[in-house]
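Below is one structure, written out as C-alpha cells; comments come after it.
Here the structure is a predicted model, which is why all the values come from computation and not from measurement. So you know, we letter chains A, B, ... as the sequences are listed, proteins then strands, and number each from 1.
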Amino acid sequence: MKVGLVSFAHVHAAGYAAALSAMPGIELLAADPAHAERPPSELGGPTLAAQLGVDHVDTYDELYAWGPDAVVVCSENADHRADVLRAAAEGVHVLCEKPLATSSADAAAMVAACEEAGVFLMVAYPVRFSPAFAAVVASSEAGDLGRVRAVSGTNNGRVPTSRAWFTDPARSGGGAMTDHLVHIADLLDALFHGQRVVSVYAAANEILHPDLGVETAGLVSLTYADGVTAVIDCSWSKPAHYPTWGGLTLNLVTDAGLVDVDPFVQRVDGFSESARSPLWLGYGTDLDQLLLAEFLGAVRSGVQPQPDGHVGHRTVKVVEAAYESLRRGQRVDLDWS
Amino acid sequence: MSPYTVGLIGAGGIAHAHLPAWLQLGADVVVHSLVGAPELVAEHGGRVVDSLEELLALSDAVDVCTPTPTHRDLVLAAAAAGRHVVCEKPLALTVDDVTAMIDACAAAGVSLYPGHVVRYFPAYAAMHDAVADGTLGALAVQRFQRIGAAPRMAWFHDDEQSGGIVMDQMIHDLDFARWTAGEVVRVHATRTTGSEGGDGPALPVTAQVILTHRSGAISYVTGTWGHADVTFQTRFEVVGDQGLLQHDSADHQPFSANGLPAVAGSGYRPTVPYSESPYLSEIREFHRAFREGVEPRVSALDGRAAVAIAAAANASIRSGSAVDLEVLS
C-alpha cells in the first residue's frame, strides 16, 4: 500500500513516519513543500525526511502523481481544509491530524467533500485506542457503571515551542483550547455514543507565557443533551522542564462509584543526576501504531474507520462554541440543526 | 486562672471533631444539643448542660456545631451574651445572614471565626505557604476535587437547609481557591444527581464549579457525595508561571498493609492519620485568638466571601448562566 505524508508541519509527522516505516507492506512518500516558510530552526522538508529515512518530493503534485492509496495530513491546522479537499479530489483516503479544522464550517466542508468523493476521512485521536479508555467503555457498555453523571477531564501539556505556528492563531486556530479540548471531547463522544453537547462555558487566561498572545490555560464545561456535565482542563500548564510532555486523565462520577482513567500513567520513576531532573520512563501501549492500524485496515477492508470526520466536525464545533463563550463571558448553546 | 470554658452547641459529626480538640487544649467544655449530647460527652468528655441560656452563662466562648439553618440565631445569641464564637462552615446560607452575624459580633466586641478546616489540612497548608511565598509565581489555573460518602442526616440533602453539596462540602475548596488565587469575579456551576433509590437520598450528587478570579486566574472545584462505600479522597493541582503543586490524598500514605484484614475507611469526615488532627490545629488557633488576640488564618469575612461564592454557584446551577460576583469589602 502506498501512503503519502502531507507536510511535516505537525510534530506528530515524525512519529507517524517512524511507525509507518516499520509496518510491512507500506510504501511511504512525504511532501513538505511549505517547510521553507517555517523558521529554519524547525526541521522539515528533505532534511527531516532524510533523518527519518523517508523519500521526499517537493510538491503535492508529485506526491499525488505517485498514486498514493491514502495520505496522512500533518499540516498546520489552518491548512487542513485545503489539504483534505485535495486528497478528496484525488480520490485518496485521508487521516487528518487533530483538530480537524479551525472552524466548524471548514470541518463540515471537509466531511462533505470526502463523502462525495467516496474516500474515508479519519481524525487522529490516538487516545481512543488506549486500553484504559477501552476498559471504561467496556464497563459502561456492560452496565457496570450505571449512568455516568459527570466527568472531570484534564489534558495538560507543556506550551508547544518546537513549532512556532502552534501559538499563531492565524495558523493554529487558537491556543490551549484549540489544542487540548478536542481529545477529551472525542473520548466522551465515543463513550456517550455521539450524544450532542448542548451548551458550553469556557474560562481562560494567558497568565502562563503571556508573550504568546493565545490562551494558555482553559477550563471548559460541556453539558450534554442528557444533562451530564464534563469539565475539561485543557491548559498548557506543565512547566517547560516538566519530566514528560503532559498527560490526559478522566474522572467519571457514576451511579456505581467513581472511575479514574489515566492512559499515560504507566512509567518507571527515577532521577537523573546528570540532567538534575526527575526521570519518567513511560511504557504504555503505542497508541499511534493502533491509530494507524485502524486507518490502514479501513483502507484495506473498505470499512469506515473511527474516529471519523463527523466526530472531528462535532469536536471542532465544541471548540468554536468555547471561544464564543469566552468572548461573551457566558454559557452558549449549540445549534445542531 | 480558671480553665477556659467553651460552650459547644450541637452533637453531630463536626462536634465529634471539635470537642476532643477543645479538651486536648485544656478547655472545660459544656455541651448543649437537642439530641446526642450525652452520647457525645460519654465518648469524649465534657459535660452536658440543659439549656442554651445555661451554656451561654458558663462559657468564655461558644462553638456552634449545629445544622446550618440555626447558625445565625445561635451566633447572634452568643454575641448578645458577649461570647466569642467559632461557627462551623458555612457561616450561613446567605450573605445577608452572615453580614448580620458579623455586625452583631462586632457590635458586641467579640470575635467570630468560621470552621474552614481545610486551611488547616497539612497538605493544603503546605501548598498555600508555597503559593504565598511566591514559589509558584503568578497563579494561572487551579483544580480541587473532594469526594466522600454522602452525609447521612437528611437535612444535608435539603437545599433549603444546607445549600446542597456546593454550600456544604465544596465551600471548603471554594474558600481555599479564593485564599490562594484571590477574589472571585465570575462563577459558573452545574450539578447532577443520581436517580432516586430506596429510602435514602438520590446519589451520587456531584457539582462542578468554574471560578474566574480578579487576577485572571481560573479555578475548577468539583465535589461528589457518593454511596456509603465511597472512600473519602481529595485532590488538588495548582499551577503558576513558576511551577506547579499537586496532591492526592490517596497517595503518599505513611502506612500500608498487604494481607492484613481490611481496615474500614472513613467515608464522610476526613481524617489525617500520622499527623496532627487539622481540627486540633484549627481550634488551637481560634483558642489563641480568643485569649491572646492573635488573628487566625481565616476570618469571618473569608467565611462570608465563601458563602457569596457558593451562593453564586447555586444561582448559576438554577439559572444555567454564569454569575458575576460583586466583591464585598
Minimum heavy-atom distance [X]-[Y], with the two atoms named:
X	Y	answer
A:Asp255	B:Gly194	OD1-CA, 4.3 Å
B:Pro204	A:Arg149	CG-CG, 3.9 Å
A:Ala204	B:Ile218	CA-CD1, 3.9 Å
A:Ala150	B:Thr192	CB-OG1, 4.2 Å

Would you indicate whether the side-chain heavy atoms of [Y] and [X] approach each other to under 4.5 Å?
X	Y	answer
A:Ser237	B:Gln142	no
B:Tyr220	A:Asp233	no
B:Arg235	A:Asp260	yes
B:Val239	A:Leu208	yes
B:Leu244	A:Tyr242	yes
B:Glu237	A:Asn156	yes
A:Ser221	B:His188	yes
B:Arg186	A:Tyr201	yes

Most chain A-contacting option - heavy-atom pairs closer than 4.5 Å, from [options]:
options	value
B:Thr193, B:Thr206, B:Thr212	B:Thr206
B:Ser215, B:Ala217, B:Gly243	B:Ala217
B:Asp241, B:Ile210, B:Thr222	B:Ile210

Legend entry - Segment of A:Thr223 engaging chain B (4.5 angstrom heavy-atom cut-off): side chain
Inset, instruction - Let me know if A:Leu219 has heavy atoms under 4.5 Å from chain B in its side chain, its backbone, both or neither. - result: both
Inset, instruction - Output the option from A:Ser152, A:Ala230, A:Gly257 having the highest count of non-hydrogen pairs under 4.5 Å with chain B. - result: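 It is A:Ser152.
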Legend entry - Among A:Asn251, A:Thr254, A:Val228, residue most engaged with chain B (heavy-atom pairs, under 4.5 Å): A:Asn251
Legend entry - Pairwise distance CD1(B:Ile147) to CG(A:Leu258) - rounded to 0.5 angstrom: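 That separation rounds to 4.5 Å.
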Inset, instruction - Please state whether the side chain, the backbone, both or neither of B:Ser321 comes within less than 4.5 Å of a heavy atom of chain A. - result: both
Inset, instruction - Below 4.5 Å from any heavy atom of chain A, which atoms of B:Gln242 appear? Answer side chain, backbone, both or neither. - result: neither
